[in-house]
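Below you'll find the structure, written out as structure tokens, and then a few comments.
Throughout, protein chains are lettered first and strands after them, A, B, ... in sequence-line order, and every chain is numbered starting at 1.
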Number of protein chains: 2
Amino acid sequence: MEMVEEHQIFAGKQQRWRHTSSVLQCEMTFSIFIPPARSEAPPVLYWLSGLTCNDENFTTKAGAQRVAAELGVVLVMPDTSPRGDAVADDDGYDLGKGAGFYLNATREPWAAHYRMYDYLRDELPALIRSHFTVGERASIFGHSMGGHGALIMALKNPGRFCSVSAFAPIVNPAAVPWGEKAFSAYLGEDRTAWQAWDSCALMQAAGSEAVLPTLIDQGESDNFLTGQLMPERLAAVANAKNWPLELRMQPGYDHSYYFIATFVEDHLRFHAQHLFA
Amino acid sequence: MEMVEEHQIFAGKQQRWRHTSSVLQCEMTFSIFIPPARSEAPPVLYWLSGLTCNDENFTTKAGAQRVAAELGVVLVMPDTSPRGDAVADDDGYDLGKGAGFYLNATREPWAAHYRMYDYLRDELPALIRSHFTVGERASIFGHSMGGHGALIMALKNPGRFCSVSAFAPIVNPAAVPWGEKAFSAYLGEDRTAWQAWDSCALMQAAGSEAVLPTLIDQGESDNFLTGQLMPERLAAVANAKNWPLELRMQPGYDHSYYFIATFVEDHLRFHAQHLFA
């Protein structure tokens, strides 16, 4: 593993690392923020980005390091898909590179590399534990496609995360255009296989051991709210199951990083409350 | 004047505007942050960016809107040079487009469009006053080439700004490689003409009416510190004249926006102290 960039920010370290992923069969890059020392084994908060992003969007635009430094939380920002010339791609911004949807693909030409779920569940956390001084406790959050990713990671791995949150997540990919396009390509046309990667279906099927504090912020002026996001569908499942989901509709905010920057402090404090509980 | 983008952030508005500049003889774009209403005529804080930047670098990376919203300060982020196919350019990143050096060029092929000083002194503030509800009071800050720009704007226009600050400014362009290259091209080889655009020379020559609170942050791990920036030269002039300059050397910080993001809150509060005095 090779460090390709390092900057000091808010008395912590912002680093970029490159490594060969055995799961994804390609070179991958991730970013990490290491706060100034407050505890011997700081908890880790994973951020999953949205369509077209890489590890740098959140790193440069969200303004999260200020609060993470204060709280003593490590931030890990992975890429959104496998990368490199050998990796299958598509002309659309919503399929292929930059659009891995945090699942394990089963169909060609995607199955060889598109295994972001296994990468995020196993390989990356092991790398983080072996190269950095971090504690056992972890939480996860993300934006849009990455909000979907954070929710499915938490729902499919009971006990793994202390809390989960999302900005404008795709909560029901099995039934909206972005998800239908990606799932058809990555998983094939049998829609029953899609349910394993759909937050609404996963929360519906979840047992009590999977329950965890869940926060969602959604801008009311988000162009994708109707048609792609529809967080009310997840809120309805949560409501029926008494799931501790807080859905906050935010008037005037859109789908951009300006929205994320506005509320990222709330999310960091939400996670810290559970990471340090 | 046409608005090309608008986003809500921290309950304020982040907007991008395009207009035809009669001074620069080209289409120009600037960004503006309008805080949530706190006063009828909020003061304006101008930000001048560094080499290769446009109006969006500070807008997306500095995290300044959070504090500007709290303080009730309008932020104006201009571009760093004239733009468009008709505008002269150079292959170097440090001359031509993205590198206007905030001066009025006198040599061809630059003189026709490269008049950023007049644009920033006259045309842009008039545009801001006529299209937005702002007060009379203004301050100015910037980074690197934009730190040079902020300092010369303040030094050449006594009484115009309440305060000036800079991150890693080029304080002595007449005597460092970046400035020597740019000034040779824009102003010609007669170095006496350069003194009118050099902060060290301007501060040396300034009368008491030009004195204003001045703050500079400089990262000690900045690759350009020795050779291009050398803030100690301005500090020496300030010291000899009893100028209220605070120069803060910041261990571990480099020339990037991670450095700016870390200390931008200090700069905003410094300016607010004088804007609202």
Side-chain angles (χ1 to χ4, degrees), chain A residues 4-16 31-37 53 56-70 75 77 167-168 217-223 225 248-269, chain B residues 4-16 31-37 53 56-70 75 77 167-168 217-223 225 248-269:
Chain A
V4 291
E5 216 174 298
E6 183 179 42
H7 306 276
Q8 187 162 294
I9 176 170
F10 289 101
K13 296 289 179 194
Q14 183 67 51
Q15 299 173 342
R16 225 179 161 203
S31 286
I32 184 168
F33 171 71
I34 302 161
C53 290
E56 290 201 293
N57 300 67
F58 184 80
T59 300
T60 58
K61 293 183 171 182
Q65 294 96 340
R66 178 181 61 87
V67 188
E70 177 204 320
L75 300 173
M77 284 70 70
F167 296 84
D217 271 319
Q218 173 63 56
E220 289 187 354
S221 298
D222 185 328
N223 287 335
L225 174 51
R248 311 193 307 184
M249 299 302 294
Q250 304 286 6
Y253 289 92
D254 62 22
H255 201 66
S256 72
Y257 266 84
Y258 297 109
F259 163 58
I260 296 172
T262 302
F263 297 106
V264 76
E265 178 165 0
D266 289 358
H267 285 242
L268 286 160
R269 295 195 187 283
Chain B
V4 291
E5 217 175 297
E6 183 180 41
H7 306 275
Q8 187 163 295
I9 177 170
F10 289 101
K13 296 290 178 194
Q14 183 68 50
Q15 300 172 342
R16 223 178 162 206
S31 286
I32 184 168
F33 171 71
I34 303 162
C53 290
E56 291 200 295
N57 300 67
F58 184 80
T59 300
T60 59
K61 293 183 171 179
Q65 294 95 342
R66 178 181 62 86
V67 188
E70 179 204 320
L75 301 173
M77 283 70 70
F167 297 84
D217 271 318
Q218 173 63 57
E220 288 186 355
S221 297
D222 186 327
N223 287 335
L225 174 52
R248 311 193 307 184
M249 299 302 292
Q250 303 286 6
Y253 290 92
D254 62 21
H255 201 65
S256 71
Y257 266 83
Y258 297 109
F259 163 56
I260 297 171
T262 303
F263 297 106
V264 76
E265 178 164 0
D266 289 357
H267 285 241
L268 286 161
R269 295 193 187 283

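- Proximity to chain A (any heavy atom under 4.5 Å) is restricted, for B/S256, to the side chain, taken from C-beta onward.
- Heavy atoms closer than 4.5 Å to chain A are found in both the backbone and the side chain of B/A11.
- In terms of heavy atoms, B/F10 sits closest to A/T262 at N-OG1, 2.9 Å.
- When every heavy atom of B/D254 is checked against every heavy atom of A/E6, the shortest pair comes out as OD2-O, 4.1 Å.
- B/Q65 touches chain A through its side chain: at least one heavy atom from C-beta onward sits under 4.5 Å away, while N, CA, C and O do not.
- Residue contact with chain A, scored on non-hydrogen atoms closer than 4.5 Å, is absent for B/S221.
- If you measure heavy-atom distances from B/Y257 to chain A, you find no contacts under 4.5 Å at all.
- Heavy atoms only, all atoms of each residue included: B/Y258 and A/Q8 are closest at CB-O, 3.8 Å.
- Per-residue heavy-atom pair counts under 4.5 Å with chain A were compared for B/Q250, B/R66, B/E265, and the maximum is reached by B/R66.
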